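Atoms within a ligand are numbered from 1 in the order they appear, just like the ligands themselves. Predicted, not measured: the structure shown is a model, and the values here were computed from it.
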Amino acid sequence: MRRAGLVALVACSLAVTAGCGDKAEEKTDTGGQGGGTEQVSLGFSQVGSESSWRVANTKSVQDSAVSAGIALDFQDGKQQQENQITAIRGFVQKKVDVIAFSPIVESGWDAVLQEAKDAKIPVILTDRAIDTTDTSLYRTLLGSDFVAEGRKAGQWLVDRYRGRQDDIKIVQIEGTTGSAPANHRRVGFTEAIESYPHLKVIDSKDGEFTREGGERVMKTFLAKHKDIDVVYAHNDEEGLGAIDALEAAGKKPGEDVLIITVDASRGGLEALAAGKLNFVVECNPLLGPQLMDLVKKAAAGETLPTRVVTDETVFDQAKAKEVLPTRQY
Ligand code: AHR
């Protein structure tokens with residue numbers, strides 16, 4: 001493995017997340033799945049902790065690094081692109097073996113990723129895509145197909161209102177402006193409903209993927225529009241916030257206003273089982289094990305597939321009740 005002399009330093013700063021101990025031991029085979037003689041170091045920059053999805057994703061990355069014997073340098077971007085850029089620059093300076101990150105927004109990464117490329121450090125995009133014409137700046141993208149998620153949400157609506165001719169008024173609570181999941185979930189949803197002119201998106205606003213954001217946006221929609229039929233929220237937290245706003249306005253979520261969300265976190269599935277949400281599209285946050293496999297391959301100089309898509313399903317009320325007892329997040 002490259003940069004052996006620096007591995008101990010990186011690993012040492014990671015004692016909490018990687019469960020490391022003695023420096024000398026960290027440079028030897030950890031008994032993880034790698035089978036190498038030196039510990040692979042991974043710099044990971046996370047978006048923040050805006051949702052239960054994100055919290056589960058962070059735990060999956062941290063736990064999997066420990067199980068795989070990888071020295072993880074975990075940096076929380078706290079919802080700021082500048083923080084993520086600073087973290088990636090730091091990883092380059094520390095000469096980690098591999099960099100992975102979940103980009104808060106799609107654009108603005110070329111310069112810092114060029115620095116990683118110049119330093120010959122492979123980059124793995126995790127969860128979210130970036131917008132660049134230079135695909136040599138990263139080795140692979142591991143995560144969901146957000147356009148497909150948006151399509152699934154739209155298709156449910158098409159089926160639900162099949163045969164109806166009257167206008168169905170939809171409001172959309174979007175994820176963080178400029179982020180891949182917000183952009184792609186909007187595109188997929190629009191594609192699925194565009195041949196059905198009675199399905200009308202009458203308003204759309206950024207709810208920042210948070211419960212507070214969802215509640216705030218839903219309140220403005222309720223003040224502005226009469227007779228909203230459907231809320232399409234880009235994640236569960238925003239949908240739960242919409243429930244709060246609807247209940248505060250004396251309306252019954254799931255009955256007076258239908259709600260579709262994405263994620264299928266425990267909180268989302270509980271609301272679905274209780275009839276307050278109507279349909280939930282799954283987005284799987286448990287990317288850690290696959291990420292660690294890719295990290296080991298990248299560190300070993302192996303070729304990676306350019307895209308690794310997560311397997312996902314959809315939930316109605318019955319299916320939510322069925323899986324809740326064993327849901328991990
Ligand atoms: O990028 C994945 C999205 O980010 C999840 O749907 C959302 O909950 C999270 O904050």
Side-chain angles (χ1 to χ4, degrees), residues 44-61 76-81 83-84 100-107 109 124-131 138 141-154 172-189 206-217 231-243 259-272 277 279-288 290-291 307-315 327-329:
F44 184 89
S45 168
Q46 182 58 288
V47 171
S49 50
E50 72 282 1
S51 60
S52 48
W53 188 101
R54 187 66 54 198
V55 172
N57 178 250
T58 292
K59 186 171 178 338
S60 173
V61 169
D76 182 351
K78 300 188 174 154
Q79 307 297 322
Q80 299 296 326
Q81 184 174 30
N83 293 342
Q84 290 201 285
F101 77 115
S102 179
I104 179 155
V105 290
E106 287 196 275
S107 59
W109 301 102
I124 297 175
L125 300 178
T126 310
D127 159 39
R128 296 183 178 185
I130 60 168
D131 186 9
Y138 62 91
L141 163 59
L142 163 67
S144 308
D145 181 341
F146 297 135
V147 176
E149 291 173 351
R151 279 196 206 111
K152 289 175 196 168
Q172 179 171 225
I173 308 179
E174 298 199 20
T176 308
T177 300
S179 68
N183 290 340
H184 300 180
R185 286 172 188 164
R186 182 182 55 246
V187 166
F189 185 78
D206 181 358
E208 295 151 5
F209 281 129
T210 64
R211 186 166 186 153
E212 300 71 38
E215 183 178 6
R216 189 188 63 246
V217 168
V231 176
Y232 168 42
H234 284 190
N235 79 343
D236 286 346
E237 257 68 28
E238 292 176 336
L240 296 174
I243 291 174
I259 309 178
I260 308 166
T261 67
V262 184
D263 274 357
S265 59
R266 171 166 288 282
L269 293 184
E270 280 168 357
L272 181 59
L277 296 179
F279 188 67
V280 177
V281 177
E282 186 177 43
C283 178
N284 186 354
L286 306 179
L287 303 176
Q290 279 172 295
L291 175 62
R307 181 75 170 99
V308 181
V309 183
T310 327
D311 256 359
E312 283 155 354
T313 184
V314 294
F315 291 91
R327 195 70 175 166
Q328 282 181 57
Y329 57 93

Side chains of F44 and I124: closer than 4.5 Å at any heavy-atom pair?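 In short, these two side chains do not touch, never coming nearer than 4.5 Å.
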
Look only at the side chain of [X] and the backbone of [Y], and say whether a donor-acceptor pair between them is shorter than 3.5 Å.
X    : Y    : value
T261 : V280 : no
D127 : S102 : no
R307 : G143 : yes

Taking non-hydrogen atoms within less than 4.0 Å of ligand 1, which protein residues qualify?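 Answer by chain and number: E50, S51, W53, R54, D127, R128, F146, P181, R185, F209, N235, D263.
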
With V47 as reference, evaluate T176, T126, N83, I104 under the side chain to side chain contact (heavy atoms under 4.5 Å, CB included) test and give the passing residue.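 Single side chain to side chain contact (heavy atoms under 4.5 Å, CB included) partner of V47 among T176, T126, N83, I104: I104.
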
Are W53 and F209 near enough that their ring centres are under 6.0 Å apart?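 That pair fails the under 6.0 Å test.
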
